[in-house]
Amino acid sequence: AMEKSFVSLFLLLIVISCALAKDAGKKDAKDTAAKPKLPQTLSRGWGDQLIWTQTYEEALFRAKHSQKPLMIIHHLEDCPHSQALKKVFAEHKDIQKLAEKFILLNLVYETTDKNLAPDGQYVPRVLFIDPSLTVRADITGRYSNRLYAYEPSDISLLYSNMQKALKLLKTEL
């Protein structure tokens, strides 16, 4: 009889420790959900698997030192045009692949650098900066009144502009 109660006590201990482990597992999952991995928060949905810089200063530093062009996306969370562009950008496989060759920054606020608003502070707008830290005002979208604006229907133009920014790099540096 003694043996039997020992076995049931042992089983009870196993059940309790499993329950505790499950609770501990749940707690961890909740913590990671509250704090997503750094690149994901910085991506703001523009490409969660891409590496995004946190600030304009950091982006410039990294562009210069890695000799990669910098792509800056100005957007706003409550702007339907920004949201629409973000969706096609994030779902465009070729763009996401090509974006790995850039230093990336997306901003929901304006910087004090006037060079980033050559023709005004509208969103969404996309600008390229080469590793010599020159804003490439020559890489534009299709609208003459908002040179760096892209609509979702312009996604292939944005893609070819990304290719252009990479090509300029090879020919000029």
Side-chain angles (χ1 to χ4, degrees), residues 32 34-143 145-173:
T32 49
K35 295 195 292 269
K37 290 187 294 300
L38 201 57
Q40 199 170 3
T41 48
L42 292 177
S43 88
R44 297 188 179 91
W46 288 87
D48 292 343
Q49 79 296 343
L50 294 166
I51 298 163
W52 295 84
T53 48
Q54 194 153 11
T55 63
Y56 180 46
E57 292 67 31
E58 180 199 346
L60 290 175
F61 179 85
R62 288 181 48 186
K64 190 175 180 162
H65 289 273
S66 67
Q67 290 299 299
K68 285 179 172 180
L70 163 59
M71 176 170 167
I72 299 186
I73 305 169
H74 285 87
H75 64 109
L76 286 172
E77 296 295 346
D78 57 2
C79 159
H81 299 285
S82 296
Q83 292 304 318
L85 184 63
K86 178 198 294 194
K87 189 175 176 345
V88 295
F89 185 93
E91 288 169 5
H92 194 293
K93 301 243 184 319
D94 293 337
I95 277 187
Q96 292 289 310
K97 187 90 200 97
L98 197 59
E100 293 172 10
K101 298 190 160 92
F102 288 81
I103 301 299
L104 299 167
L105 177 66
N106 68 76
L107 291 175
V108 287
Y109 52 88
E110 291 293 337
T111 67
T112 51
D113 188 345
K114 295 283 170 282
N115 297 315
L116 290 186
D119 64 344
Q121 297 188 337
Y122 50 86
V123 293
R125 70 180 194 280
V126 182
L127 286 142
F128 297 94
I129 297 179
D130 67 29
S132 74
L133 305 189
T134 305
V135 174
R136 299 306 310 221
D138 53 342
I139 305 181
T140 57
R142 70 171 83 250
Y143 307 102
N145 59 337
R146 293 184 165 200
L147 292 175
Y148 309 98
Y150 296 86
E151 295 280 323
S153 56
D154 306 325
I155 199 71
S156 56
L157 175 61
L158 179 55
Y159 179 64
S160 65
N161 277 348
M162 288 169 73
Q163 291 174 310
K164 196 172 173 183
L166 288 165
K167 252 191 228 97
L168 284 173
L169 203 65
K170 292 191 177 55
T171 55
E172 292 181 10
L173 297 178

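Note that this is a predicted model, so its numbers are computed, not measured. Along the sequence shown, the residues carry numbers beginning at 1.
Residues Leu85 and Glu151 approach most closely at CD1-O, 3.9 Å, considering heavy atoms. Nearest heavy-atom pair, Thr140 versus Tyr148, reported as atom, atom and distance to 0.1 Å: CG2-CE2, 3.6 Å. The two residues Leu147 and Asp119 have their closest heavy-atom pair at N-OD2, 2.8 Å. Minimum interatomic distance between Ala165 and Phe102 (heavy atoms only, all atoms of both residues): CB-CE2, 3.9 Å. For Arg125 against Ala117, the heavy-atom pair with the smallest separation is NH2-CB, 3.6 Å. Ala63 and Leu133 get closest at one heavy-atom pair: CB-CD2, 4.4 Å.
Side-chain contact between Pro80 and Gln83: absent, with no pair of heavy atoms (C-beta onward) separated by less than 4.5 Å. Leu98 is not listed as a side-chain neighbour of Met71, based on a closest heavy-atom distance of 4.5 Å or more. Counting heavy atoms from C-beta outward, Leu50 and Glu100 have side chains that approach closer than 4.5 Å. Using a 4.5 Å heavy-atom cutoff, the side chains of Leu168 and Ile139 are in contact.
Note that the NE2 atom of His65 and the CG atom of Leu60 stand 10.5 Å from one another [nearest 0.5 Å]. The structure places CZ of Arg142 at 10.0 Å from CG of Asn161, a figure rounded to the nearest 0.5 Å. From Tyr56, atom OH reaches atom CD1 of Ile72 across 5.0 Å, with rounding to the nearest 0.5 Å. To the nearest 0.5 Å, the span separating NZ on Lys86 from CG on Asn106 amounts to 7.5 Å. Between the CG atom of Leu105 and the OG1 atom of Thr55 there is a distance of 7.5 Å, given to the nearest 0.5 Å. Note that NE2 of His74 and SG of Cys79 are 13.0 Å apart. Values are rounded to the nearest 0.5 Å.
Within a 6.0 Å sphere centred on NE2 of His81, heavy atoms belonging to other residues, nucleotides or ligands number 12 at most. Heavy-atom neighbours of Tyr122 OH from other residues, nucleotides or ligands within 6.0 Å: above the threshold of 12.
Counting only distance, with no hydrogens or angles, the side chain of Lys101 and the backbone of Met162 share no donor-acceptor pair below 3.5 Å. In this structure a side-chain-to-backbone donor-acceptor pair under 3.5 Å is missing from Thr134 to Asp130. In terms of modelled atom types and a separation under 3.5 Å, the side chain of Thr53 and the main chain of Leu104 share a donor-acceptor contact.
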Step by step, would you call Asn115 with Leu127 a side chain to side chain contact (heavy atoms under 4.5 Å, CB included)? CA-CA 10 Å; Asn115 297 315; Leu127 286 142; over 6 Å; no
Does the side chain to side chain contact (heavy atoms under 4.5 Å, CB included) test come out yes or no for Phe128 and Leu70, once each step is laid out? CA-CA 6 Å; Phe128 297 94; Leu70 163 59; over 6 Å; no
Carefully, step by step, assess Arg136 and Ile129 under the rule side chain to side chain contact (heavy atoms under 4.5 Å, CB included). CA-CA 5 Å; Arg136 299 306 310 221; Ile129 297 179; over 6 Å; no
Working for side chain to side chain contact (heavy atoms under 4.5 Å, CB included), residues Arg44 and Ile73: CA-CA 11 Å; Arg44 297 188 179 91; Ile73 305 169; over 6 Å; no
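There is no side-chain donor-acceptor pair under 3.5 Å between Tyr159 and Asp94.
Between Trp46 and Phe89, the ring planes lie perpendicular to each other; the angle is over 60°, past the 30° to 60° tilted range.
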